Amino acid sequence: MVAKDYPVYLLIKRASGRGDEPQEPSSKRVKPLSRVTSLASLIPPVKAAPLKRIGQTLQRSISFRSDCRPENTAPRPWGRQIAPSITKRRDSKLWSETFDLGLGHMLSSEEIKRQEAIFELSQGEQDLIEDLTLAKKAYRDPMLKLSIMSEHELNQIFGTLDSLIPLHEDLLSRLREARKQDGSTDHVGHILVDWLPCLETYNGYCSNQVAAKALLDHKKQDHRVHDFLQRCLESPFSRKLDLWSFLDIPRSRLVKYPLLLREILKHTPNEHPDRQHLHQAMNMIQSIVADINTQTGESECRYYKERLLYLESGQRDLLIDSSRILSCHGELKNNRGVKLHVFLFQDVLVVTRAITQNEQLCYQLHQQPIPVRDLEWEDLQDGEIRLGGSIRGAFSNSERTKNFFRVAFRSGGQLQMHCFQARDAFNKQQWLNCIRQAKEALGSTESDPQTAARCSDCSADASAECPQMDLTDLTLTPVKT
């Protein structure tokens, strides 16, 4: 969602201080209280709950920086308790606050919106550089110097973050050079066309994120790591963001470029000489993000396939080995309340239990994999399923439960059936949509080999939009794990 207008918020401050000693009346005139013309610098960083699905991440206005909400802070089990500190907030300003009316000329409303969009692009680059530098200097370097983590572990978690900083410093420098003395910018399209190919560097960084997040979560169990990260979280410089929030900022910035360019293009007149270059830049960023999206999805799929544990050789399935797309995955419960971790690959549904082996989270197959081709599914109405064998059901007023759906398939005359309970109605609908799309994709692939051939080039779901068409996310899992 892109902001079309720029509302002006007014905040009136009230003086409330009183001294302990009586004060003599003053004949001086009281100066009127100042007014703040923007609320952007007063609101704390927020983050909408991620759906982990293509096209769902970028739903916030481009006029405000979208940061991540901190995790709930638990009492520190080690060391002394640190008193709450004042959170350092990032200042936010509009282009109109920097425009010099004395040097410039009167601008139309549409041109002002265009300048605001260009300024948002430049300001976002500066914010990104500050955040990446902070991640390196406040987290990586101290943990290495204090031997809290090994250099190898830090390289795995931070990936190629160091190489991203010079790229964005280069773009910021070019955008500043293109800015005129009055603060306005005429052309940015040619700058973007020349710079955007550098974003191919993001391939390695984004593909490493799944493994990096898993290692970071594991290392948090070490009390030294946990204590260090907690102290950073409570420090003003963090803005109440945890380490992973900083490490995920590059991916968030990458998928935001299409929206930023679209907003600039929207307010660029048809006769403007910059429009042709902006169209070219738009096509380039879409192609780049689509390629990174595909490689990131394949990397995620490989990561989870490598962590599947088979109790017997008969559970191995060629459909799992050949899968390149992980449509969705996450925790579900069966009708006995047992937690299961379910994976829906492009051609097969795999039901597992999460276990820890050699200090690594793995997924042990719970049942025989179910081919999507043979899978049947049913949306169960609330109250249609009872909790089988549960004490909770025996003593509650109602044994009926909510948010269940059923999957089944028949093999060799035997019927395998699973009743899954989702976290809530929305989560349940996400699962049903993914299952439906997987079956539709398989059906259209079998009926139209040419469609399959086209989508195999970009690993796209044959029934869904090709990633080259919808480029607003890099993750492929609609169910939060």
Side-chain angles (χ1 to χ4, degrees), residues 2-6 38 40-41 58 61-66 90-133 163-202 249-250 252-289 471:
V2 178
K4 297 181 180 179
D5 300 312
Y6 297 92
S38 174
S41 61
L58 298 178
S61 162
I62 67 167
S63 296
F64 294 94
R65 178 61 182 265
S66 174
R90 170 172 283 149
D91 293 332
S92 177
K93 59 183 178 181
L94 302 175
W95 169 82
S96 54
E97 299 172 4
T98 68
F99 181 62
D100 191 340
L101 291 174
L103 296 176
H105 53 279
M106 297 301 296
L107 302 177
S108 66
S109 173
E110 197 67 12
E111 179 60 23
I112 291 176
K113 291 180 180 179
R114 180 174 184 271
Q115 294 298 327
E116 292 286 7
I118 295 174
F119 184 76
E120 171 70 16
L121 174 65
S122 176
Q123 190 68 26
E125 292 301 302
Q126 180 176 331
D127 292 345
L128 176 63
I129 293 168
E130 292 176 358
D131 286 338
L132 297 185
T133 304
S163 66
L164 304 182
I165 298 176
L167 296 181
H168 296 281
E169 288 177 335
D170 179 37
L171 176 58
L172 180 60
S173 174
R174 299 190 195 190
L175 292 174
R176 286 177 172 174
E177 289 176 2
R179 200 175 188 192
K180 297 192 299 184
Q181 189 175 1
D182 63 6
S184 63
T185 304
D186 288 335
H187 303 87
V188 294
H190 66 289
I191 296 176
L192 294 170
V193 168
D194 185 54
W195 178 81
L196 284 173
C198 299
L199 291 179
E200 295 290 350
T201 307
Y202 270 73
I249 284 175
S252 300
R253 180 64 180 176
L254 177 66
V255 296
K256 196 173 182 180
Y257 282 121
L259 289 182
L260 291 167
L261 268 63
R262 189 177 295 119
E263 183 72 2
I264 297 173
L265 189 58
K266 175 182 176 182
H267 300 295
T268 301
N270 292 331
E271 65 276 8
H272 198 291
D274 201 30
R275 192 170 180 86
Q276 182 179 355
H277 283 120
L278 287 173
H279 273 296
Q280 185 180 353
M282 189 69 183
N283 293 332
M284 291 175 64
I285 189 60
Q286 288 180 341
S287 177
I288 291 170
V289 176
L471 309 170

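The model shown is predicted, which means the values in this text are computed figures rather than measured ones.
- Smallest separation of non-hydrogen atoms from M284 and V193: CE-O, 3.4 Å.
- Within 6.0 Å of atom CD in E110, more than 12 heavy atoms from other residues, nucleotides or ligands are found, so the atom counts as buried in its surroundings.
- A salt bridge is absent between K113 and E263: the closest approach of a Lys/Arg side-chain nitrogen to an acidic carboxylate oxygen does not fall below 4.0 angstrom.
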Report task. Kindly indicate, with the supporting measurements, whether the criterion side chain to side chain contact (heavy atoms under 4.5 Å, CB included) is fulfilled by E125 and R176. Result -> CA-CA 11 Å; E125 292 301 302; R176 286 177 172 174; over 6 Å; no

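- Taking CD of Q123 as the reference point, atom CG of L172 lies at 9.0 Å (rounded to 0.5 Å).
- Annotation: the span from N283 atom CG to I288 atom CD1 amounts to 11.0 Å, rounded to 0.5 Å.
- In this structure, CZ on R179 lies 10.0 Å from CG on L175, to the nearest 0.5 angstrom.
- Side-chain atoms of E130 and Q126, non-hydrogen and from C-beta on, do get closer than 4.5 Å to each other.
- Applying the ring-ring contact (aromatic ring centres under 6.0 Å, His included) criterion to H187, with sequence neighbours excluded, gives H272.
- Here the closest heavy-atom approach between residue L265 and residue R275 is recorded as O-NH1, 3.0 Å.
- Atom-to-atom distance recorded for L167:CG and L196:CG is 11.5 Å, nearest 0.5 angstrom.
- Of the N and O atoms on the side chains of Q115 and E111, at least one donor lies less than 3.5 Å from an acceptor on the other residue.
- With respect to D274 and R114, a salt bridge is recorded, a charged nitrogen being found less than 4.0 Å from a carboxylate O.
- Here the straight-line distance linking atom CG of L254 with atom CG of L199 works out to 6.0 Å at 0.5 Å rounding.
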Requested in this report: Would you sort out whether L278 and M282 count as a side chain to side chain contact (heavy atoms under 4.5 Å, CB included), showing the intermediate values?
Outcome: CA-CA 6 Å; L278 287 173; M282 189 69 183; over 6 Å; no

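- Residues D170 and R174 have side chains in contact (heavy-atom distance under 4.5 Å, counting atoms from C-beta outward).
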Requested in this report: Evaluate the criterion side chain to side chain contact (heavy atoms under 4.5 Å, CB included) for residue pair H277 and L192; output intermediate values, then yes/no.
Outcome: CA-CA 8 Å; H277 283 120; L192 294 170; over 6 Å; no

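- Heavy-atom minimum distance, T185 versus A178: CG2-O, 3.8 Å.
- Distance check: L128 CG to H168 NE2 gives 4.5 Å after rounding to the nearest 0.5 Å.
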